[in-house]
Amino acid sequence: MANLADFLDKLPILLVGLLMLATMTLAAGAGYFLRRRVRRMLTNNGAKEEGGAEGYIVSAVIGLVALLLGFTFALAVGRFETRRALVLQEANAIGTSYLRVQGLPEPHRTRLSQILASYTNNRVQLGTASPDKMAPLIVASDRLLVELWAGTLAATDTIGNSALASSLHSTVNEVIDMDSARKAARKVRVPGEVFLALWVYIAVTAGMLGYSRSETQGRLLAGILFLLFTMSYMLIIDIDRPAGGNIVEGQGPMIELRETLKQQPPGTFDIWRKPVAVPAP
């Protein structure tokens, strides 16, 4: 099932939709020819075809597929909302760390401010990058986190065991934890078993529709239903993809933070601070 999920990730969403539509068309065609064969056999045996229950069965099967589609859609949307919420939480953690860094003496203030600004820019690029361009950005992100923690330790060695040191440790740790949380959230996907079961259910439903709707009008309505099923399946896959899809978590909070950091370089908050008196020799 993991291989199935990887296979679906590598396929363009439009191609997945075309494969789904082709599967339903073939299944409906098989059902239609099976219906003709059954009719021919009944005619040769002098028996009459009984009807009436097919419509109820098909309606029940369509309702079951709709339920499965809704269940899968809810799974994908839940994971999407988690990834989007983590963007805001990470932006808040970086912003808080940046503000607390401004209370450090030089050169720690400028060094950590630049690291946080570079890290924010990297996170924006990582959130909007295609899968084939993510590897170097992830490496750069990990490197910046190492530099951030190293700079934090160097700064706390200077300011000692103070309230600022404790609060700075807390927020920088939160930044590092948010990186792990976002990585984990991108790996949590709708299970491949769900997509496979949904594909099979839709194919069986298409076969039953082809069997029961042999008239021209019925085939037209079945074709419209096939298109709706295909669009729903494509939408679920798109939402479930953390990268490479058309629907990805917005990077609005991170972009706003990046612009804020550009407008507030180190020293911005020194306007009311008194210069430190230098002791006389």
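Position 1 is the first residue of the sequence; numbering continues from there.
- Taking all atoms of both residues into account, the shortest heavy-atom contact from Ile202 to Met24 is CG2-SD, 3.2 Å.
- Distance CG/Leu75 to CG/Asp240: 9.0 Å, rounded to 0.5 Å.
- Of the inter-residue distances, the one linking Leu69 atom CG with Ile62 atom CD1 reads 11.5 Å to the nearest 0.5 angstrom.
- Checked by atom type, the side-chain pair Thr158/His108 shows a donor-acceptor distance below 3.5 Å.
- Heavy-atom minimum distance, Asp238 versus Ile247: OD1-N, 3.2 Å.
- No side-chain heavy atom of Tyr233 sits less than 4.5 Å from a side-chain heavy atom of Thr72.
- With no hydrogens or angles considered, a side-chain donor-acceptor pair links Ser113 and Gln102 at under 3.5 Å.
- Both Leu68 and Val16 sit in one connected hydrophobic cluster of ILVMFWY residues. Membership requires side-chain heavy atoms under 4.5 Å apart, directly or through other members.
- Taking the side chain as every heavy atom from C-beta outward, Val248 and Thr128 never approach each other to under 4.5 Å.
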Review point. Under the side chain to side chain contact (heavy atoms under 4.5 Å, CB included) criterion, do Val175 and Tyr119 qualify, and how do the steps go?
Key: CA-CA 10 Å; Val175 172; Tyr119 183 72; 3.8 Å; yes
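- Checking Thr120, Leu126, Asn121 one by one against Arg123, the side chain to side chain contact (heavy atoms under 4.5 Å, CB included) holds for a single residue, Leu126.
- Smallest separation of non-hydrogen atoms from Gln125 and Leu137: OE1-CD2, 3.5 Å.
- For Asp132, the CG atom is densely surrounded, since the number of other residues' heavy atoms within 6.0 Å is greater than 12.
- Side-chain contact between Arg241 and Arg189 is present, with at least one heavy-atom pair separated by less than 4.5 Å.
- Neither Leu18 nor Met231 shares a network with the other; the hydrophobic side chains, linked directly or stepwise wherever heavy atoms of I, L, V, M, F, W or Y lie under 4.5 Å apart, form separate groups for each.
- Both Leu148 and Leu153 are part of a single hydrophobic cluster, where members link through side-chain heavy atoms under 4.5 Å apart.
- When the side chains of ILVMFWY residues are joined at heavy-atom separations under 4.5 Å, either directly or via intervening members, Phe195 and Leu64 end up in a single hydrophobic cluster.
- In this structure, the side chains of Leu257 and Tyr98 stay at 4.5 Å or more apart for every pair of heavy atoms.
- Relative ring orientation between Trp149 and His169 is described as tilted, the plane-to-plane angle lying within the 30° to 60° band.
- Leu261 approaches Leu116 most closely through the heavy-atom pair CD1-O, 4.2 Å.
- The closest side-chain heavy-atom distance from Leu144 to Glu147 is below 4.5 Å.
- Counting non-hydrogen atoms of other residues, nucleotides and ligands closer than 6.0 Å to CZ of Phe269 gives a total above 12.
- Considering all non-hydrogen atoms of both residues, Val124 and Gln251 come closest at O-CG, 4.5 Å.
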Exercise for review: In sequence, state the C-alpha distance, the side-chain angles, and the governing distance for Val190 and Ile237, and then conclude on side chain to side chain contact (heavy atoms under 4.5 Å, CB included).
Suggested key: CA-CA 9 Å; Val190 175; Ile237 291 180; over 6 Å; no
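- Annotation: the span from Leu88 atom CG to Arg84 atom CZ amounts to 10.5 Å, rounded to 0.5 Å.
- The residues Glu249 and Arg186 are annotated as salt-bridged, a charged nitrogen and a carboxylate oxygen being separated by less than 4.0 angstrom.
- Contact check on Asp177 versus Arg182 returns no salt bridge, with no Lys/Arg side-chain nitrogen under 4.0 Å from an Asp/Glu carboxylate oxygen.
- Summarising the geometry, atom CD1 belonging to Ile94 is positioned 10.0 Å from atom CD belonging to Glu174; distances are rounded to the nearest 0.5 Å.
- Hydrophobic clustering, with ILVMFWY side chains joined whenever heavy atoms are under 4.5 angstrom apart, keeps Leu228 apart from Ile236.
- The line from OG of Ser141 to CG of Asn122 is 5.0 Å long, rounded to the nearest 0.5 Å.
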Exercise for review: Give the intermediate values and the outcome of side chain to side chain donor-acceptor pair (under 3.5 Å) for residues Thr110 and Glu106.
Suggested key: CA-CA 7 Å; Thr110 299; Glu106 295 292 355; 2.8 Å; yes
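- The shortest side-chain heavy-atom distance between Val77 and Glu81 falls under the 4.5 Å cut-off.
- Taking OG1 from Thr156 and CG from Leu164, the interatomic distance works out to 9.5 Å, rounded to the nearest 0.5 Å.
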Exercise for review: Show your reasoning for whether side chain to side chain contact (heavy atoms under 4.5 Å, CB included) applies to Arg258 and Ile255.
Suggested key: CA-CA 5 Å; Arg258 181 179 62 181; Ile255 294 175; 4.1 Å; yes
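- Looking only at distances, no side-chain donor or acceptor of Ser170 sits under 3.5 Å from a matching main-chain atom of Ser166.
- No more than 12 heavy atoms of other residues, nucleotides or ligands lie within 6.0 Å of NZ in Lys133, so this atom counts as exposed by the packing criterion.
- Closest approach of Leu86 and Ala185 over heavy atoms only: CD1-CB, 3.5 Å.
- The closest side-chain donor-acceptor pair between Thr260 and Gln264, if any, does not fall under 3.5 angstrom.
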**Study point:** Evaluation steps, side chain to side chain contact (heavy atoms under 4.5 Å, CB included), between Val172 and Val101
**Key:** CA-CA 10 Å; Val172 171; Val101 162; 5.8 Å; no
